[in-house]
Amino acid sequence: MKLDKIAEVEENADLKKYNTYKIGGYAKRIIHPYSLKDVKKVLDEIKKADESYYILGNGSNVILPDEDYNGNIIVFDLLNNIEINKDKDEIEVEAGVTLGVLNETLLKNEYVNFYWANSIPGTLGGALVGNAGAYNHEIFEYLVSVTVIDKNGDLIKLKKDEIEYGYRRSNLNKCIVLGAKFKVEKGDVDEARELIKEQALKRMKSQPLSMPNAGSVFKNPEGDAAGRLIDSLGLKGYSIGGAMVSEVHANFIVNGGNATSKDIKELIKYIQKEVYDNYKIELELEQKIVRWN
Ligand SMILES: Cc1cc2nc3c(=O)[nH]c(=O)nc-3n(C[C@H](O)[C@H](O)[C@H](O)COP(=O)(O)OP(=O)(O)OC[C@H]3O[C@@H](n4cnc5c(N)ncnc54)[C@H](O)[C@@H]3O)c2cc1C
């Protein structure tokens, strides 16, 4: 594969470094395209070599398999440009920008409407695919359009109303997200920074931030909280292998040090069964189980 001018490449890469659960095997190759234009070239090279690929953001919402991957992981961490159009109060953001960097860049320009996203440890691409959100806000709220490579390999721009999305989901999972345009709003920057501080403190107290995890495991069922249901069954601290229901927040599974993907998936099934048997509620996964095809 001729990738030297279009991407940085790591051969035989340890995937544990690429996800917040710190699980998984090795990938044949991790490819970091240099620019948006290079993404298409990288895809062409992979196709020519008749190999497969998987797109990974910050790995903060995925459960990677234990097995090695005989394919290419594409990571957009070098696609991290943000362009601000102050006349129109709009921004163009590339898919690899992390939400924390996005918010900080906006605050420096007096735009405050992404303050809620500051503590979500994902990239824009991952956030759009899962419609990430917090504190009654979500990433689709200020969205204008998304630039994607669709399943036919065409580079297209989708307006917000051409995308299907809902609570922690969107049909962008069928595309490769390259970037997006958002409306931005000016406001009181000091107040926004104060809110961010409060939210970070709240998270430090209520989430197991010192142990590897991938955020909320389950979506909240209508009118209830997954964490409350799991906690009510006394499952905090329950473990399978190295995976444990967090003692701090019952809707988090933490890697106690040597958890495997299998441990996490078995624990998920166990929790789902317990909740169903006791409440007749089917907990839906928020995290994404990845399979190498
Ligand atoms: C401590 C902690 C707190 C969290 N708090 C929140 C929270 O408050 N709210 C919330 O919504 N989430 C939260 N999360 C979950 C997670 O951070 C978000 O879902 C985040 O948006 C995922 O982004 P990512 O880049 O890590 O995506 P990844 O986990 O890398 O990928 C998620 C999915 O998106 C796909 N994907 C990623 N990038 C692209 C792309 N460019 N094109 C196409 N597909 C792509 C991947 O293939 C995968 O299917 C939290 C996680 C942690 C660890």
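Ligands are counted one by one from 1 in listed order, and the atoms in each one are counted from 1 as well. Along the sequence shown, the residues carry numbers beginning at 1.
Looking at ligand 1, you won't find any N or O of A95 less than 3.5 Å from one of its N or O atoms. Inclusion of N213 in the set of residues having an N or O under 3.5 Å from an N or O of ligand 1 is not warranted. Residue contacts with ligand 1: N61 is placed with a nitrogen or oxygen under 3.5 Å of a nitrogen or oxygen of the ligand (distance criterion only). Of the polar atoms of V177, at least one N or O is found under 3.5 Å from an N or O of ligand 1, judged by distance alone.
Remark: minimum distance from atom 38 (N) of ligand 1 to any protein heavy atom is reached at G126 N, 3.4 Å.
Just one of Y18, W292, Y54 meets the ring-ring contact (aromatic ring centres under 6.0 Å, His included) condition when paired with Y69; it is W292.
Among residues two or more places apart in sequence or in another chain, the salt bridge (charged side-chain N to carboxylate O under 4.0 Å, His left out) test is passed with K273 by D277. Applying the ring-ring contact (aromatic ring centres under 6.0 Å, His included) test to Y21 and every residue at least two apart in sequence or in another chain returns nothing.
In this structure, K28 is not positioned above the aromatic face of Y26 in the sense of NZ or CZ being under 6.0 Å from the six-membered ring centre and within 45° of the axis.
Residues L64 and Y53 do not share a hydrophobic cluster, defined by chaining ILVMFWY side chains whose heavy atoms lie under 4.5 Å apart.
In summary, the atoms of ligand 1 found under 4.0 Å from a heavy atom of G122, numbered by their order in the structure, are 17 (O), 20 (C), 23 (O), 24 (P), 25 (O), 26 (O). Counting atoms of ligand 1 from 1 in the listed order, those under 4.0 Å from a heavy atom of A132 are 11 (O), 21 (O). Ligand-side atoms of ligand 1 in range of C175: 43 (C), range being under 4.0 angstrom from any heavy atom.
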